Amino acid sequence: NNTEHSKHFSEGWYRIEDIGGTLARWSNQTAVLRISLLPQDTIMTFVATPYLSGQIVDVVVNDTLIDTIDINGVWESYQVMIPADVIINHAITRIEFRHTIAEYPENHNRRLATAYRDFSFK
């Protein structure tokens, strides 16, 4: 359920909304997720769609770049492995999504990079 996880969405996220028939949330240029993770290798899975084609996102966990992903499909699933050594000694893990592209739609006051849904951690 997306609403119970809203406390994890820190700066750079917009509210959950219907995006082409799917409940998701848009991110700004940089968006931060905060979550408590066990100190072990963790696979983060999510579904995303870019606002504009050619989107590239750096995934930075506790100030360590762990992956760079091309977000190019519509509602495609992505996986990122978060190594245990970047989680250890952090009560709350800070996951930053740093997008190369973020634009203001015409007549709009929100800067959109990528829409995300269905985060899971295993």
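These numbers come from a predicted model, not from an experiment.
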State, to 0.1 Å, how close Ile92 and Ser36 come at their nearest heavy-atom pair, and which atoms those are.
CD1-CB, 4.2 Å
Heavy atoms of Ile101 and Gly54 approach each other most closely as CD1-O, 3.4 Å
Salt bridge check, Glu96 against Arg94: does any charged N sit closer than 4.0 Å to a carboxylate O?
yes
Note: Arg34-Glu11 ion pair, threshold 4.0 Å (strictly below):
yes
Between Gln29 and Arg98, do the side chains contain an N or O donor and an N or O acceptor separated by less than 3.5 Å?
no
The reported gap from CD1 in Ile87 to CG in Asn62 (rounded to nearest 0.5 angstrom) is 8.0 Å
Quick one: does Tyr14's side chain have a donor or acceptor within less than 3.5 Å of a partner on Arg111's backbone?
yes
May I ask you to check if Arg110 and Tyr104 form a cation-pi contact, with NZ or CZ under 6.0 angstrom from the six-membered ring centre and within 45° of the axis?
no
Out of the candidates Ile82, Val86, Val32, only one should pair with Ile95 under the side-chain contact (heavy atoms from CB on, under 4.5 Å) rule; please name it.
Ile82
side-chain contact (heavy atoms from CB on, under 4.5 Å) test vs Phe46 passes for just one of Thr114, Val80, Leu33, namely Val80
Closest non-hydrogen atom pair between Pro105 and Leu112, with its separation:
CG-CD1, 3.6 Å
At their closest point, which heavy atom of Val74 faces which heavy atom of Thr49, and how far apart are they?
CA-OG1, 3.3 Å
Please report the closest heavy-atom contact between Trp26 and Pro50, naming both atoms and the distance.
CZ3-C, 4.4 Å
